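Quick note on labels: first sequence line is chain A, next is B, and so on, each numbered from 1. Being a predicted model, the structure only gives us computed values, none of them experimental.
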Amino acid sequence: MQISEASRVSGVSARALRYYEAEGLIVSGRCANGFRDYCRPTIERVLVIRELLASGLPVRLIRELLPHLTDEPGGVCPEFLVEVQRHRDRLAARIAVLSDQQAALDAFLRKARSAGS
DNA sequence: CTTCTTACA
DNA sequence: TGTAAGCA
């Protein structure tokens, strides 16, 4: 199928499809006229990429993760799970900082409001 | 008309 | 990521 159909079926813009390919996340075939040709497995791969992207994983990590996600029979090798885990931990650390800042702002607002009124 | 690439915002 | 230009 060509890019327009692949876009409809996957719900991903043609722009994004070309972008994923440029980033090495997917590979598409080429017709005689130079148009990209997408197959079912590629569409499914795109959906997986969307999930990974939505979870906040960087493209670089997804690129290294994908081949191990499709080829490995019994799951993903722990090597990559460790990287994903680290990314999750950094995320948790950022959330902790933001939570503290939120609490600090709440305290500031309470104080400022009570003092003003 | 559809896609392709490249480039700009 | 969207959009536009200039080709094929």
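Between E21(A) and S28(A), the shortest heavy-atom distance links the atoms OE1-OG, 2.9 Å.
Among pairs with a residue in residues 76-112 of chain A, those fulfilling ring pair (Phe, Tyr, Trp, His ring centres under 6.0 Å) read H68(A)-F80(A), at least two apart in sequence or across chains.
Cluster membership check: V12(A) does not share its hydrophobic cluster with F35(A), using side-chain heavy-atom separations under 4.5 Å among Ile, Leu, Val, Met, Phe, Trp and Tyr.
By the 4.0 Å N-to-carboxylate-O rule, R40(A) lies too far from E44(A) to be salt-bridged with it.
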How far apart are the C-alpha atoms of R60(A) and E83(A), what are their side-chain angles, what is the distance that settles it, and do they pass the side chain to side chain contact (heavy atoms under 4.5 Å, CB included) test?
CA-CA 11 Å; R60(A) 184 224 113 204; E83(A) 286 196 65; 2.8 Å; yes
Would E5(A) and Q2(A) satisfy side chain to side chain contact (heavy atoms under 4.5 Å, CB included), going step by step from the backbone distance to the final call?
CA-CA 6 Å; E5(A) 190 183 348; Q2(A) 12 182 235; 5.7 Å; no
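Partner assigned to dA8(C) is dT2(B), using Watson-Crick or G-U wobble distances below 3.5 angstrom.
Counting only N and O atoms by type, the side chains of Y20(A) and R50(A) include a donor and acceptor under 3.5 Å apart.
For DNA chain B, the outermost nucleotides in 5' to 3' order that have an atom under 4.0 Å from a heavy atom of chain A are dT2(B) to dA7(B).
Annotation: R30(A), atom CZ; neighbour count of heavy atoms from other residues, nucleotides and ligands within 6.0 Å is above 12.
Of the residues in residues 11-39 of chain A, S13(A), R15(A), A16(A) come within less than 4.0 Å of DNA chain C through at least one heavy atom, sorted by number.
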